J.: 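Just dropping this structure here.
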Amino acid sequence: MLNLRDLTIKSFREGLLNKSFSTFEITKFFFDFAEEKNSELNAFLSLHRDQALEAASKIDVRLAEGDDPGVLAGVPLAIKDNILVEGLPATAASKILENYSAPYDAEVIAKLKKRGAIFIGKTNLDEFAMGSSTENSAFGVTRNPHDSERVAGGSSGGSAAAVAAHMAIGALGTDTGGSVREPAAFCGVVGLKPTYGAVSRFGAIAMASSLDQIGPIAKNAEDAATLFQAIAGIDPKDSTSVDADYHDLTADPDLERIRELKIGIPDEYFGEGLDPEVRGEMEKVIEDLKSLKINLKKISLPHTKYAVAVYYLIMPAEVSTNLARYDGLRYSPPPRSGRPSLLDLYLYNRSYGFGPETKRRILLGTFALSAGYYDAYYLKAQKARSLIKKDFDEAFREVDVILAPVTPTPAFKIGEKANDPLQMYLSDIFTIPANLAGLPAVSMPVRGREGKLPIGFQLMGKPWREKDILDIGRLYERL
Ligand code: GLN
């Protein structure tokens, strides 16, 4: 009997190539498990057995013909429901997109398909990726596989829970202020937010375009590297995408090279507000890194304290413009009849279609951009964003990688912060800076927490140096 727990991308490929299973069989096996498990966790908003089995059969035919269907042949993946997969729903967990079906593939999906990946289903999120717990989903909360009373994190909570519960081998999420890393930390899996521009955003439903990146969620750092390598690259359809050299990403980490890297420990990330248990685990991580003979150094990132405030001006400003396109007529539901005027129809659709957190951010953003307030809020926030970035530029003259917690606490209880937006916003205090500065950052599960709630640690790297942080992650996992 096959144990889904043991399957990583690497072992899956071995199993497939030495014929321990066929793509069709294993896909069926995943669906039987995922369909049942999902009624408990609500990780998937939709599961697509027929499409997946059809794709699986085609892979089996190609394998039988002696073809190589790609590095991800048959690998069952879960895709956040704000990323377009042709012919499948893409609701962004919003009522305003409830009946929308994607007319084309996102660039990342086209790339994964070319490499043979299979899509199990579309995963739950906070509406339009706004939140840290999936409690803002219009379609119910996702439960944490380690404790069903607790949140799976957010906004990519469905993707992280699907991987942690072995309903998929890997997943894609999006990260605007921590939405890949925070749920990965809460669910005990690996989550990578790539350098801004490393991955095409074409076909990802935009939240805040100067911050959004698509990133992989996986069972280990090697799988995260494999998925990242598959989706990275320049794309003429996204003018912010860049042609970076990622050819050596999945090669075995070179311990000698890693020992030449220096890891910075920023004071500002270990101050008050950090849960004692998280602090204790961070100390253990530091000891573990020392045991690998990696050099550590104390550093300072003095403008960190402004990051949450800056984010909550810039992000809503971009949200308010990006979400202006949803009028309830385009994209999905048929026009609601019986409204006296077009304006009235828009008002009705947007009042009905958006949830409270989405409305809050549209209002905040519209205000921050309005005449007379633009300079005081938006422009000032942009200036502070430059200072935060400059802190990192200076730190990266002395160190190669920065170590930090991912979240101030482990997964919180469902409902605990739902009515307190400020408390919810503070759960992203350690993840937001990497988005503001455009840096790559990975969330790794702290080892030795079997039977306890997972806790993550974060490694932030220099732009385009995903390899540094992933290699350190891989060596840590071998401890
Ligand atoms: N939790 C953060 C927010 O609500 C981050 C969201 C994200 O990264 N998509 O904005």
Side-chain angles (χ1 to χ4, degrees), residues 5-6 8-11 146 160 163-164 170 178 180-194 215-229 248-266 269-270 274 277-299 396 399-407 410 430-431 434 439-462 465-479:
R5 264 168 210 284
D6 303 332
T8 59
I9 293 178
K10 196 176 185 180
S11 66
H146 297 272
V163 176
V180 161
R181 288 160 287 158
E182 187 247 26
F186 282 3
C187 292
V189 291
V190 175
L192 172 71
K193 186 209 81 83
I217 294 176
K219 292 191 191 176
N220 60 36
E222 183 176 5
D223 280 4
T226 304
L227 287 173
F228 171 61
Q229 192 165 51
D248 61 348
L249 213 62
T250 50
D252 213 37
D254 170 357
L255 188 56
E256 292 315 308
R257 192 187 75 83
I258 300 292
R259 282 187 181 144
E260 283 163 20
L261 299 178
K262 207 175 265 169
I263 300 186
I265 303 175
Y269 285 70
F270 294 86
L274 189 61
E277 197 178 2
V278 177
R279 182 187 303 276
E281 292 295 352
M282 291 304 121
E283 276 156 18
K284 281 195 219 153
V285 170
I286 290 174
E287 290 313 308
D288 278 340
L289 293 172
K290 281 187 187 154
S291 79
L292 289 167
K293 302 209 162 52
I294 300 180
N295 294 307
L296 299 159
K297 184 178 172 43
K298 277 200 179 302
I299 57 165
F396 282 133
V399 298
D400 304 279
V401 167
I402 294 171
L403 172 73
V406 184
T407 54
F430 302 134
T431 47
L439 304 172
V442 66
S443 166
M444 295 287 309
V446 170
R447 69 196 186 97
R449 290 195 57 84
E450 292 73 25
K452 291 184 253 179
L453 284 176
I455 285 177
F457 69 93
Q458 185 177 199
L459 298 167
M460 294 179 257
K462 294 179 180 172
R465 292 306 308 165
E466 279 82 353
K467 181 158 176 71
D468 294 343
I469 56 179
L470 288 167
D471 277 0
I472 296 173
R474 288 167 73 176
L475 291 174
Y476 173 84
E477 283 170 344
R478 290 180 194 172
L479 285 170

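Computed from a prediction, not measured in an experiment: that's the story for all the values here.
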J.: Go through the steps for Arg257 and Asp471 under the test side-chain contact (heavy atoms from CB on, under 4.5 Å), then give the verdict.
T.: CA-CA 10 Å; Arg257 192 187 75 83; Asp471 277 0; 3.5 Å; yes
J.: Lys467 side chain to Asp248 main-chain N or O, any donor-acceptor pair under 3.5 Å?
T.: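 Pair found, side chain donor or acceptor close to backbone of Asp248.
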J.: Between the side chain of Asp223 and the main-chain N/O of Ile9, is any donor-acceptor distance below 3.5 Å?
T.: yes
J.: How many angstroms lie between atom CE of Met282 and atom CG of Leu274, to the nearest 0.5 angstrom?
T.: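 The CG atom of Leu274 is 7.5 Å from CE of Met282, to the nearest 0.5 Å.
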J.: Carefully, step by step, assess Val401 and Ile294 under the rule side-chain contact (heavy atoms from CB on, under 4.5 Å).
T.: CA-CA 11 Å; Val401 167; Ile294 300 180; over 6 Å; no
J.: Does a side-chain N-to-carboxylate-O contact under 4.0 Å join Glu277 and Lys452?
T.: no
J.: Would you call Pro266 and Ile402 a side-chain contact if the rule is heavy atoms closer than 4.5 Å?
T.: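 Pro266 vs Ile402: side chains touch.
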J.: Got Arg465 and Phe396 here, is their nearest side-chain heavy-atom distance under 4.5 Å?
T.: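 With C-beta onward as the side chain, the pair stays apart.
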J.: So do Ile469 and Leu192 actually touch side chain to side chain, heavy atoms under 4.5 Å?
T.: yes
J.: Starting at CD1 of Ile455, measure out to OG1 of Thr407 and round the result to the nearest 0.5 Å.
T.: 7.5 Å
J.: Ignoring hydrogens and geometry, is there a side-chain-to-backbone donor-acceptor pair from Arg259 to Leu292 under 3.5 Å?
T.: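 Checked: pair present.
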J.: Can you name the nearest heavy-atom pair linking Pro216 to Ala224, along with the distance?
T.: CG-O, 3.6 Å
J.: Hey, what do you get for NZ (Lys293) to CD1 (Ile258), rounding to the nearest 0.5 Å?
T.: 15.0 Å
J.: Looking at every non-hydrogen atom in both residues, tell me the closest pair between Leu227 and Gly170 and how far apart they are.
T.: CD1-CA, 4.2 Å
J.: Determine whether a donor-acceptor pair (N or O, by modelled atom type, separation under 3.5 Å) exists between the side chain of Tyr476 and the backbone of Val285.
T.: no
J.: Strictly distance-based, threshold 3.5 Å: is any side-chain N or O of Arg181 a donor or acceptor partner for the main-chain N or O of Ala185?
T.: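 No; zero donor-acceptor contacts below 3.5 Å.
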J.: Tell me, do Pro445 and Val190 make a side-chain contact under 4.5 Å, heavy atoms counted?
T.: yes
J.: Grab the two heavy atoms, one from Ala184 and one from Gly191, that are nearest each other, plus how far apart they are.
T.: CB-N, 3.6 Å
J.: In this structure, are over 12 heavy atoms from other groups packed under 6.0 Å from Arg5 atom CZ?
T.: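 No, because the 6.0 Å sphere around CZ of Arg5 holds 12 heavy atoms or fewer from other groups.
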J.: Would a 4.5 Å heavy-atom cut-off, applied to side chains only, mark Thr431 and Val406 as touching?
T.: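 The answer is yes; the side chains approach within 4.5 Å.
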J.: Set out, in order, the CA-CA distance, both residues' side-chain angles and the distance that settles side-chain contact (heavy atoms from CB on, under 4.5 Å) for Leu479 and Arg447, then state yes or no.
T.: CA-CA 9 Å; Leu479 285 170; Arg447 69 196 186 97; 3.9 Å; yes
J.: Output, in order, the C-alpha distance, side-chain angles, deciding distance and verdict of side-chain contact (heavy atoms from CB on, under 4.5 Å) for Ile472 and Leu289.
T.: CA-CA 9 Å; Ile472 296 173; Leu289 293 172; 3.8 Å; yes
J.: Say you draw a straight line from CG of Asp468 to CD of Glu466; how long is it, rounded to the nearest 0.5 Å?
T.: 9.0 Å
J.: In Å and rounded to the nearest 0.5 Å, what is the CD to NZ distance from Glu477 to Lys219?
T.: 12.5 Å
J.: Quick check: do Leu459 and Leu403 have side-chain heavy atoms less than 4.5 Å from each other?
T.: yes
J.: Looking at every heavy atom in both Pro405 and Val278, which two are closest together, and how far apart are they?
T.: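 The answer is CB-CG1, 4.2 Å.
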J.: Which atom pair, heavy atoms only, marks the closest approach of Val163 to Ala218?
T.: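 That would be CG1-C, 3.9 Å.
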J.: Charged N to carboxylate O below 4.0 Å: is that the case for Lys10 and Asp252?
T.: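 No, no charged N to carboxylate O under 4.0 Å.
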J.: State, to 0.1 Å, how close Ala441 and Ala434 come at their nearest heavy-atom pair, and which atoms those are.
T.: CB-CB, 4.1 Å
J.: Got a second to check how far Glu283's CD is from Glu281's CD, nearest 0.5 Å?
T.: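 The CD atom of Glu281 is 10.0 Å from CD of Glu283, to the nearest 0.5 Å.
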